[in-house]
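Given the structure is predicted, the values throughout are model-derived calculations rather than measurements. No hydrogens, no waters, no symmetry mates; every other heavy atom, side chains included, goes into these values. Quick note on labels: first sequence line is chain A, next is B, and so on, each numbered from 1.
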Number of protein chains: 2
Amino acid sequence: MTTAPDYEQMLRGADLRVTRPRVAVLGAVHALPHADTDAIISAVRADDIGGDVSHQAVYDVLRALTSAGLIRRIQPSGSVSRYEARVGDNHHHLVCRSCGAISDVDCAVGEMPCLTAADDHGFVIDEAEVIYWGTCPDCSARS
Amino acid sequence: MTTAPDYEQMLRGADLRVTRPRVAVLGAVHALPHADTDAIISAVRADDIGGDVSHQAVYDVLRALTSAGLIRRIQPSGSVSRYEARVGDNHHHLVCRSCGAISDVDCAVGEMPCLTAADDHGFVIDEAEVIYWGTCPDCSARS
DNA sequence: CGCCAGTCTTGAACCATTCAAGAAAAGGCG
DNA sequence: CGCCTTTTCTTGAATGGTTCAAGACTGGCG
C-alpha cells in the first residue's frame, strides 16, 4: 500500500511543493480510481490529514498534478472530469453508457503501437486515447 | 453536393418531422465538419432557410439528430461539443492539443475490429472511440 | 531566521447546456 | 381543405462544473 511519505516523495520528484492538500488529493486519487472531482473533495475532507480544504485548492492541485504527470484526467462524453493515478502505461477505458462506470483495459495492441494512425495528416501524434463504449455487467443484468 | 430535399429525405427516413430548423441544422453539420454548437447556430442563422432560430431549438435538433443516428456528437477533453455528419463508418479523430483542430482518420485496423478489447471485463462493447492527440502541421510549424 | 515565489481561501463570475411553460406548426384523418 | 393531436420551437431563466481574482498564508531556500 502506498503511504503519505510515498506521496511526498512523488511530489518532490515532480518538483512540486509538499503541502497537506496535495498529499491528501494524491492519496484520494490513488484510493478512488476514476473518481470525479466531487468525490475527491469529499475524500480529502474525510481524510484526517485533509481537514478543511476549499474546492478551489482541489481543482488547483488536480491541475498541478495532472500537468506534472502524476495523475491523468479523463472526461468521457457526458461525464464530468475524472482522475486516475495509473499513468504512463498506455492503458484504455471501458465506459458504461448506462451507469457511467469505468474499467481499465490494457492496450490491446501492446507496448505503444496504437499511436500509429492510418494517415496522420501531418500531425505529430503523442497519445492515442481509446474509449470502449458499452454496457457493464450490472446494467446488462438489470435490463 | 447534398441539397435541402436530400436532407428532408434523411429526416423522413429517420422518422423525424421535417421542419425548417432541422433541415438547416442538418445542412450546417454537413457543411461544417466538426463544428461546435455556436458555429452551427451562426451557420443556421446565416442560412436563408434558417432565419431566426433559437439556440434552444438547435440544441434540441442536434440531440434529436444524434439519437436518430444522422449525426454524431464528439467532445474531446477540454472542448465543447462538436458534431459531424460522417456516421457508420467507424472512423476516428486527430485532435491538435494546441489549436483544437480536428481531422478524420479512417480506422487503422479495418472494418470494425477495434471493437475488440484485450479484456472486456464483462462489458458488452458497442463502439470503440479513438482519439489521437498531437500537434497539427500549422501549430508544429509555428513553434 | 526571514524572505518570496508558489499555494490556499474566500467569494464571485462564466458559460455551455438544460429545464419549464406556453405558442406554433407538422402530419394524419375525415 | 381544415381540424386535431402530438411534437417541436420560442422565450426566459436556472443549473452546475469549472475558472478567475485578490489577498492571506506558507513551504523551502539562502
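Rounded to a whole Å, the CG atom of Leu62(B) is 11 Å from the P atom of dC9(D). The separation between Asp60(B) atom CG and dA21(C) atom P is 15 Å, rounded to whole Å. Here dG12(D) presents its P atom at 11 Å from NE2 of His55(B), a figure rounded to the nearest Å. Atom OH of Tyr59(A) and atom P of dA13(C) are 18 Å apart (whole Å). Per the geometry, CD1 belonging to Ile40(A) stands 14 Å off C1' belonging to dT18(D), to the nearest Å. Per the geometry, CZ belonging to Arg63(A) stands 14 Å off C1' belonging to dC8(C), to the nearest Å. For Asp36(B) and dA16(C), the CG to P distance is 9 Å, given to the nearest whole Å. Nucleotide dG17(D) holds its P atom 15 Å from the CD atom of Gln75(B), rounded to whole Å.
Side-chain nitrogen and oxygen atoms of Ser81(B) include none within less than 4.0 Å of the OP1 or OP2 phosphate oxygen of dA16(C).
Each of dT18(D), dC8(C), dC9(D) was ranked by its minimum atom distance to the side chain of Ala57(B); first place goes to dC9(D).
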Q: Classify every nucleotide of nucleotides 23-30 of chain C by which part a protein heavy atom approaches to under 4.0 Å, writing B for the base, S for the sugar-phosphate alone and - for neither, in 5'-to-3' order.
A: ---BS---
Q) Which is it for Tyr83(A) and Ile74(A) under the side-chain contact (heavy atoms from CB on, under 4.5 Å) test, yes or no, and what are the steps along the way? A) CA-CA 6 Å; Tyr83(A) 295 87; Ile74(A) 52 184; over 6 Å; no
Q.
Go through it in stages, so that I can follow the logic: the residues are Ile102(B) and Arg82(B), the test is side-chain contact (heavy atoms from CB on, under 4.5 Å), and I'd like the CA-CA distance, side-chain angles, deciding distance and then a yes or no.
A. CA-CA 10 Å; Ile102(B) 299 181; Arg82(B) 292 167 179 281; 3.4 Å; yes
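A donor-acceptor contact closer than 3.5 angstrom links the side chains of Glu84(B) and His91(B).
Contact check on Glu129(B) versus Arg72(B) returns no salt bridge, with no Lys/Arg side-chain nitrogen under 4.0 Å from an Asp/Glu carboxylate oxygen. With salt bridges taken as basic N to acidic carboxylate O contacts below 4.0 Å, one links Arg86(B) and Asp106(B).
Side-chain contact between His121(A) and Asp104(B) is absent, with no heavy atoms from C-beta onward closer than 4.5 Å.
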